[in-house]
Amino acid sequence: MLPPNVGGLEPFERSFDFAKLPNLQEVDFEVHWVSGTLLWIPIALSTLGPSATPRLSVIRLELARSPAFDRPTETLIKFLGNDLRRLADEVARIELGFKGGVKLTVIRGPGFEEASNALDVSFRFCGSRFVISPVLIHSPQILQQYR
Amino acid sequence: MGSNTSKAENPTPYERQTGNGLPSITSAIDLTTSTTERPILVETRTTIPRVPQEIADEVLDHLATGSDFKTLRACALVSKSWVLSSRRHLFHTARFTSRNMDRWLETFPVLEESPVHLVRELHVQIVGGHCVHEEFFQYTRWFTNAEKVFLSGFGRAPPLRTPSLWKLPQSITSLTVNMGVVTLVQLRDIMVHLPNLDNLSLSGSPIRVDRSVLLGTGTTLRGRFGGKLMLRDGCARKDVVDMLLGIPTGLYFTEVDIRCKPQCLLSTVRIVEACGNALVKLSYTITLHGKSHPSRSSWLWYVN
């Protein structure tokens with residue numbers, strides 16, 4: 001689902017459609033965040049799936065706060081809370097969809113580690129306990145919790 | 001048969017000493033010892049065994065791997081058989097700057113006697129403000145076995161005033177360009193001579209030119225574009241992407257590596273998707289910053 005085209009959101013009105021790339025094997029996204037939405041990442045990830053991209057074997061996401069972003073982590077959480085939840089949902093969906101056949105790594109860089117730790121509370125609040133982990137999200141316990 | 005008999009009767013000094021045809025170090029003096037007598041010095045003929053060319057090549061390859069060019073230069077003076085192998089490594093990569101282009105032309109005035117055919121990588125650095133030898137850019141087409149070309153440099157004014165004069169050999173499969181040196185039209189004029197181009201790497205901030213000049217920029221290109229595409233800095237910009245998307249034969253890059261600003265997201269989405277079935281690996285790095293992003297109020301509206 002695409003975000004509403006609010007003022008200035010034009011660059012993100014469209015994201016990658018991986019269904020058009022059926023032979024894709026590796027995807028690597030790295031973001032140095034200062035401001036703006038990260039919604040294009042979960043939108044892109046939502047097009048990945050065993051039927052759309054059957055040869056996919058590696059996904060790597062690295063999220064880091066740019067050194068230019070000098071505001072407190074709370075601000076980052078306020079801006080990106082929803083995006084991170086969507087991202088966690090998509091990561092879990094991919095993990096479940098490929099049944100462990102994809103090596104999926106989410107790396108929390110500076111700023112995002114604190115933010116995602118803090119967001120764990122909000123996940124619990126909204127019914128999801130899925131945590132963006134710096135290591136592989138392969139833990140069956142976590143997946144069970146998510147189910 | 002007769003020749004074998006004569007060979008057995010008159011063995012070469014090398015065969016006389018080893019007897020098995022295996023290479024060994026020939027000694028100038030053979031020490032024959034006896035249990036009862038003092039050692040007797042028997043003088044033999046001095047020979048220098050031929051080192052098989054394969055072994056010599058291995059040694060020279062090893063020197064080249066360690067970038068020991070001083071030793072390689074010395075090896076080139078050892079014998080005729082070592083010259084070619086040494087030169088193959090010594091001239092593997094040719095680095096030119098605005099200052100030393102004429103030195104090559106002075107050193108190798110006769111094209112047929114120059115080592116142009118040994119060059120595999122061509123690095124050209126252009127520094128703004130220094131004049132570029134147009135004669136040299138005519139000459140580069142004779143590097144007929146070159147596979148990779150790197151064009152770098154800096155300077156505000158585009159030094160290549162007549163880019164169409166730059167002729168590159170058709171053997172080029174990989175092109176790396178700093179777009180701070182050439183305009184997009186100049187890049188097109190360079191690429192138009194490269195039908196076997198597989199890998200393309202663009203970095204730097206492309207020099208802006210009149211948009212009307214850019215119409216149909218890519219339509220004359222005929223590369224293979226089946227390797228790796230790397231776009232850095234401002235090179236994921238719309239006009240650059242439009243040129244690549246305009247290539248009539250299509251894009252078949254198997255690997256795409258993009259590092260750009262968020263303004264370029266839509267352009268990069270287009271070029272990534274244009275690779276279609278060919279694309280195997282995507283690396284995408286983006287640095288977000290404020291300009292083209294929602295203001296805080298609109299963003300909060302979305303979050304809530």
Side-chain angles (χ1 to χ4, degrees), chain A residues 3-41 43-44 47-48 53 55-69 71 75 77-85, chain B residues 225-234 236-238 241 245 250-304:
Chain A
N5 187 13
V6 293
L9 204 57
E10 193 179 357
F12 297 129
E13 66 184 9
R14 192 167 166 240
S15 188
F16 295 98
D17 183 1
F18 290 125
K20 294 178 180 172
L21 312 168
N23 292 319
L24 201 63
Q25 293 176 19
E26 289 185 44
V27 177
D28 184 347
F29 281 140
E30 189 178 328
V31 176
H32 303 278
W33 190 83
V34 176
S35 67
T37 178
L38 290 180
L39 202 60
W40 60 275
I41 300 179
I43 290 172
T47 61
L48 291 171
T53 51
R55 301 180 69 186
L56 192 69
S57 58
V58 177
I59 301 174
R60 184 179 163 278
L61 306 174
E62 183 171 347
L63 306 171
R65 187 180 61 186
S66 167
F69 183 83
R71 287 184 282 179
T75 314
I77 294 167
K78 193 180 284 183
F79 277 122
L80 294 181
N82 201 41
D83 290 3
L84 290 175
R85 283 188 205 100
Chain B
F225 304 107
K228 181 174 179 177
L229 171 67
M230 191 184 286
L231 299 177
R232 289 278 187 266
D233 310 322
R237 222 171 59 186
K238 186 176 178 296
V241 168
L245 291 174
L251 299 176
Y252 303 95
F253 291 111
T254 55
E255 189 175 344
V256 174
D257 185 347
I258 296 173
R259 181 182 290 262
C260 67
K261 293 175 180 175
Q263 295 93 317
C264 303
L265 182 70
L266 276 180
S267 303
T268 51
V269 165
R270 287 167 61 215
I271 201 159
V272 166
E273 291 181 358
C275 297
N277 294 348
L279 191 66
V280 170
K281 185 176 178 182
L282 170 66
S283 299
Y284 192 75
T285 302
I286 194 162
T287 304
L288 300 179
H289 61 91
K291 270 191 177 176
S292 61
H293 291 276
S295 63
R296 189 180 170 188
S297 56
S298 61
W299 166 242
L300 286 174
W301 176 85
Y302 175 67
V303 169
N304 295 327

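Letters go in sequence order (proteins before strands), and every chain restarts at 1. Fair warning: this is a prediction, and the values are worked out from it, not measured in the lab.
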Quick one: pull up CZ in A/F18 and OG1 in A/T53 and give me the separation to the nearest 0.5 Å. 8.5 Å

To the nearest 0.5 angstrom, please state how far the CG atom of A/D17 sits from the CG atom of A/L48.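 The CG atom of A/D17 sits 9.5 Å away from the CG atom of A/L48.
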
Tell me the salt bridge (charged side-chain N to carboxylate O under 4.0 Å, His left out) pairs involving residues 274-284 of chain B, sequence neighbours left out?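 Every salt bridge (charged side-chain N to carboxylate O under 4.0 Å, His left out) pair that includes a residue of residues 274-284 of chain B, provided the two are not neighbours, is A/E26-B/K281.
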
With a 4.5 Å cut-off on heavy-atom pairs, point out which of A/L56, A/V27, A/D28, A/V58 contacts chain B the most. A/D28

For chain A, which candidate among B/I258, B/V280, B/V272 shows the most heavy-atom pairs at distances under 4.5 Å?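 Heavy-atom pairs under 4.5 Å are most numerous for B/V280.
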
Name the option with the most non-hydrogen atom pairs under 4.5 Å to chain A; the candidates are B/T254, B/T285, B/D257.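 The answer is B/T285.
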
Hey, can you tell me if B/Y284 and A/F29 have their rings parallel, tilted or perpendicular (30° and 60° cut-offs)?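 Rings of B/Y284 and A/F29: perpendicular, over 60°.
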
